[in-house]
Amino acid sequence: MELKLYDTLTREKRVFAPIDPQRVRMYVCGPTVYDFAHIGNARPAIVFDVLFRLLRHLAKQGVWDGGKGETAVTYVRNITDVDDKINARAAEEYPDLPLNEAIRKVTEKTDRQFHEDVAALGCLPPTVEPRATEHIAEMRMLIERLVEESHAYVAEDNVLFSVSSMPDYSKLSKRPLDEMIAGARVDVAPYKRDPMDFVLWKPSKPGEPAWPSPCGIAAPGRPGWHIECSAMSWKHLGEIFDIHGGGIDLVFPHHENEIAQSRCAFHTPVMANYWMHNGFLQVEGEKMSKSLGNFVTIHELLADWPGEVIRFNMLRTHYRQPIDWTTRGLEESEKTIDHWYEIVGDMALHADAHPDPVVLQTLCDDLNTPGTLTRLHAIAGEIRGPASGLRQIELKRRFKASAEFLGLLEATRGAYLEGHPRRKRIDRTIDHTRINALVEARTIARAAKNFAESDRIRNELAAMGVVLKDTKDGTTWEIAR
RNA sequence: GGCGACGUGCCAGAGUGGUUAUGGAGCGGUCUGCAAAACCGUUUACCCCGGUUCAAUUCCGGGCGUCGCCUCCA
């Protein structure tokens with residue numbers, strides 16, 4: 001099986017092959033931990049989680065090491081824990097604490113929340129989750145090297161990367177430099193040699209996080225935003241690696257600058273062989289922003305929707321397409337997940353079950369997740385329709401294995417319904433003893449063919465959010481969908 | 001202003017140089033005392049204008065429109 005991935009740098013879909021057949025290396029830009037992660041943050045987390053799962057599967061199949069199946073997959077997703085926004089948030093939330101202590105509180109809390117959120121969305125933990133503040137030494141080494149080789153310079157206690165020192169700067173975003181400057185809305189710091197030069201290191205203000213500066217700068221300072229990813233990917237993946245991912249908004253300037261730093265420091269032709277970018281997300285047709293009041297956090301969504309409904313909703317759209325995130329979409333996704341749980345019920349994943357080959361093949365075409373869901377619908381249809389006997393059992397196992405491969409349907413139906421946040425809320429308002437009594441009364445009424453009474457009870461229960469199902473084995477009830 | 005992405009049926013959303021995408025909704029039916037769930041059937045497409053081609057929704061050019069980036073951003 002051949003994996004094809006779209007590469008932003010070359011603007012084409014190419015067959016993926018790792019540099020080292022023994023080890024696939026992927027780096028994805030993670031969150032800056034200053035606030036609840038929003039639904040836009042969830043997209044790369046989910047998209048690259050699917051890719052991680054697929055890479056591990058193909059590695060186990062021996063796709064890259066001649067069938068041995070010993071290829072390791074290293075997935076690095078960083079945590080940015082040094083940033084102006086963090087400092088601002090810390091000062092705002094804990095005005096009475098020393099800034100550094102306040103910052104630690106903010107980053108620890110946000111970090112924990114982020115991990116809870118993405119776990120609820122069915123994302124596996126990455127292999128390594130490096131923190132920027134734990135890689136200051138590597139950043140300083142990179143900066144020293146860049147200055148030594150005249151790719152960077154010191155100016156007023158800042159260290160700046162000299163864009164003109166790199167002939168093919170802006171190759172990733174394909175932006176003509178002169179025109180960018182003309183349209184730029186930034187005030188250019190007077191000490192910059194070129195308006196496009198960007199900060200590698202800057203002096204810290206009193207009270208701010210500070211580390212000894214590189215390049216003989218006496219004043220303590222802190223890193224610029226881009227250098228951390230160059231440092232962390234270098235430390236954990238090496239000078240060149242296979243896949244670098246993130247949101248499409250990071251193409252410029254963040255990834256462009258990472259490339260400049262890493263390539264100039266290591267004298268390499270590329271930083272990563274495949275640059276993958278997920279599309280942006282709108283909320284109910286509008287740009288998500290705090291001022292519009294439509295800022296949707298993962299945490300809030302999880303109060304109403306099961307994590308896998310959110311995940312499914314994300315996977316319905318190809319990762320490079322824009323998504324309009326809507327309640328209607330979530331409702332549709334929930335219907336499908338409900339339906340699919342009806343099919344798998346409480347079955348556990350069978351030891352011999354494998355994901356459907358078509359699902360895998362579709363996924364191998366640049367992560368065509370909507371295509372895989374279509375395939376799952378087709379299998380579901382066969383299970384509910386024509387299939388029977390052994391064929392049906394086989395299909396169900398394959399269905400379950402395929403869904404789990406995508407991080408869906410990992411629970412039992414019972415656990416899913418029980419854990420459903422909205423149903424759980426309704427459940428707390430109802431009296432089970434009373435419902436069972438009403439169901440019993442209705443059964444008696446039905447036996448006596450007193451259908452007026454029977455329907456009255458059904459309506460009474462419906463008003464409470466309880467729906468009845470009459471089967472040949474008796475009447476069961478559950479909380480309405 | 002520059003760069004980029006995208007425009008598919010009521011909605012969501014794949015894909016393809018010629019053959020039903022799929023899901024949701026709607027409508028009709030099966031089942032049911034009535035329902036629910038499920039199943040079966042069914043309606044509605046490829047922004048506009050040129051070009052290439054035997055054939056274009058699919059390729060090329062132009063136009064229009066939407067969105068994003070160029071400032072922190074997934």
Side-chain angles (χ1 to χ4, degrees), chain A residues 8 11 28-32 34-35 37-48 80 83-86 88 170 172-187 196 225 245-254 256 277-282 285-290 312-313 315-324 326 328-336 338-339 342-343 362 365 368-378 380-381 383-386 445-447 449-452 454-455 458-459 461-462 466-472 475-478 480-481:
Chain A
T8 308
R11 317 268 157 151
V28 174
C29 290
T32 301
Y34 72 104
D35 200 355
H38 54 72
I39 189 62
N41 295 304
R43 193 167 190 191
I46 292 170
V47 164
F48 292 104
T80 298
D83 182 273
D84 288 341
K85 291 193 294 295
I86 298 174
S170 89
L172 181 72
S173 55
K174 293 195 171 26
R175 284 158 201 262
L177 282 187
D178 46 342
E179 293 180 6
M180 238 186 321
I181 296 157
R185 286 173 274 168
V186 224
D187 290 331
M196 291 311 294
W225 172 38
I248 193 152
D249 56 313
L250 295 179
V251 171
F252 190 90
H254 185 54
E256 200 72 76
H277 295 98
N278 61 270
F280 239 58
L281 181 149
Q282 287 190 290
E286 286 185 305
K287 185 183 164 77
M288 179 167 66
S289 74
K290 282 179 180 167
F312 181 96
N313 198 236
L315 297 180
R316 286 168 73 189
T317 305
H318 183 84
Y319 77 94
R320 286 192 277 120
Q321 295 296 116
I323 294 187
D324 187 13
T326 63
R328 181 168 174 176
L330 283 164
E331 284 164 359
E332 284 183 19
S333 295
E334 182 171 288
K335 256 178 215 171
T336 303
D338 282 356
H339 180 201
E342 293 285 335
I343 292 171
T362 308
D365 181 13
N368 186 353
T369 54
T372 65
L373 300 179
T374 295
R375 174 63 180 169
L376 285 176
H377 273 121
I383 293 170
R384 300 311 288 258
R446 286 180 72 215
K449 299 219 186 296
N450 183 356
F451 295 124
S454 162
D455 289 347
R458 176 193 288 289
N459 291 338
L461 286 166
V466 170
V467 65
L468 298 174
K469 281 203 257 188
D470 295 326
T471 72
K472 51 183 177 297
T475 300
T476 62
W477 65 271
E478 60 187 42
R481 297 176 174 175

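The basis for the numbers below is simple: all heavy atoms, side chains too, and nothing from hydrogens, waters or symmetry mates. Per chain, numbering begins at 1; letters A, B, ... match sequence-line order.
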Exercise. By centroid distance (under 5.5 Å) and plane angle (under 30°), are A/Phe280 and B/rG68 in a stacked arrangement?
Worked result: no
For atom [atom1], what is the distance between [N] and [M], given to the nearest Å?
N	M	atom1	value
B/rG63	B/rC27	C1'	39 Å
B/rC46	B/rC10	C1'	16 Å
B/rA12	B/rG4	C1'	25 Å
B/rG29	B/rU16	C1'	34 Å
B/rG23	B/rA5	P	32 Å
B/rU32	B/rA25	P	23 Å
B/rG17	B/rC60	P	12 Å
B/rU22	B/rA45	P	15 Å

Identify whether any heavy atom of [X] sits under 4.0 Å from a base atom; if not, whether one sits that close to sugar-phosphate; answer base, sugar-phosphate or nothing.
X	answer
A/Gln282	sugar-phosphate
A/His38	base
A/Gly247	sugar-phosphate
A/Leu281	base
A/Gly329	nothing
A/Lys449	nothing

Pairing partner (Watson-Crick or G-U wobble, both distances under 3.5 angstrom) of [N]:
N	answer
B/rA12	B/rU22
B/rC6	B/rG65
B/rC72	none
B/rC59	B/rG51
B/rA38	B/rU30
B/rC46	none

For [X] and [N], give me the distance from atom [atom1] to atom [atom2], rounded to whole Å.
X	N	atom1	atom2	value
A/His318	B/rA12	NE2	C1'	16 Å
A/Glu256	B/rC3	CD	C1'	11 Å
A/Asn278	B/rA5	CG	P	16 Å
A/Phe312	B/rA14	CZ	P	12 Å
A/Lys174	B/rC3	NZ	P	13 Å
A/His254	B/rC70	NE2	P	13 Å
A/Asp84	B/rU71	CG	C1'	13 Å
A/Asp324	B/rC6	CG	C1'	14 Å

Problem set entry | Nearest-0.5 Å distance, NZ of residue A/Lys469 to CD of residue A/Glu478 | 4.5 Å
Problem set entry | Between CG on residue A/Asp249 and CZ on residue A/Phe280, distance to nearest 0.5 Å | 4.0 Å
Exercise. How does protein reach along nucleotides 29-36 of chain B, written 5' to 3' as B (base within reach of a heavy atom under 4.0 Å), S (only sugar-phosphate), or - (no contact)?
Worked result: ----BBBB
For this session: For nucleotides 19-25 of chain B, just jot down a letter per nucleotide in 5' to 3' order: B, S or -, based on protein non-hydrogen atoms under 4.0 Å.
Result: --BSBBS
Problem set entry | A/Glu332 and A/Arg316: CA distance, side-chain angles, deciding distance, salt bridge (Lys or Arg N to Asp or Glu O under 4.0 Å) verdict | CA-CA 10 Å; A/Glu332 284 183 19; A/Arg316 286 168 73 189; 2.9 Å; yes
For this session: Give a yes/no answer on whether the side chain of A/Asn41 brings an N or O atom under 4.0 Å of OP1 or OP2 in B/rC73.
Result: no
For this session: Measure up the A/Trp225 and A/His254 rings against each other and bin them: parallel (under 30°), tilted (30 to 60°), perpendicular (over 60°).
Result: parallel
Problem set entry | Side-chain donor or acceptor of A/Asn313 paired with backbone N/O of A/Ser333 under 3.5 Å | no
Seminar exercise, completed: Ranking A/Asp365 and A/Gly381 by the position along RNA chain B of their nearest nucleotide, the one closer to 5' is A/Asp365
Exercise. Is it true that the side chains of A/Thr362 and A/Asn368 contain a donor and an acceptor less than 3.5 Å apart?
Worked result: no
Exercise. For residues A/Glu256 and A/Ser170, is any side-chain donor paired with an opposing acceptor at under 3.5 Å?
Worked result: no
Problem set entry | Intermediate values then yes/no, salt bridge (Lys or Arg N to Asp or Glu O under 4.0 Å), A/Lys85 and A/Asp35 | CA-CA 9 Å; A/Lys85 291 193 294 295; A/Asp35 200 355; over 6 Å; no
Exercise. What's the verdict on side chain to side chain contact (heavy atoms under 4.5 Å, CB included) for A/Thr476 and A/Leu468, showing C-alpha distance, side-chain angles and the deciding distance?
Worked result: CA-CA 6 Å; A/Thr476 62; A/Leu468 298 174; over 6 Å; no
For this session: Output yes when A/Arg446 and A/Asp455 qualify as a salt bridge under the 4.0 Å nitrogen-oxygen rule, no when they do not.
Result: no
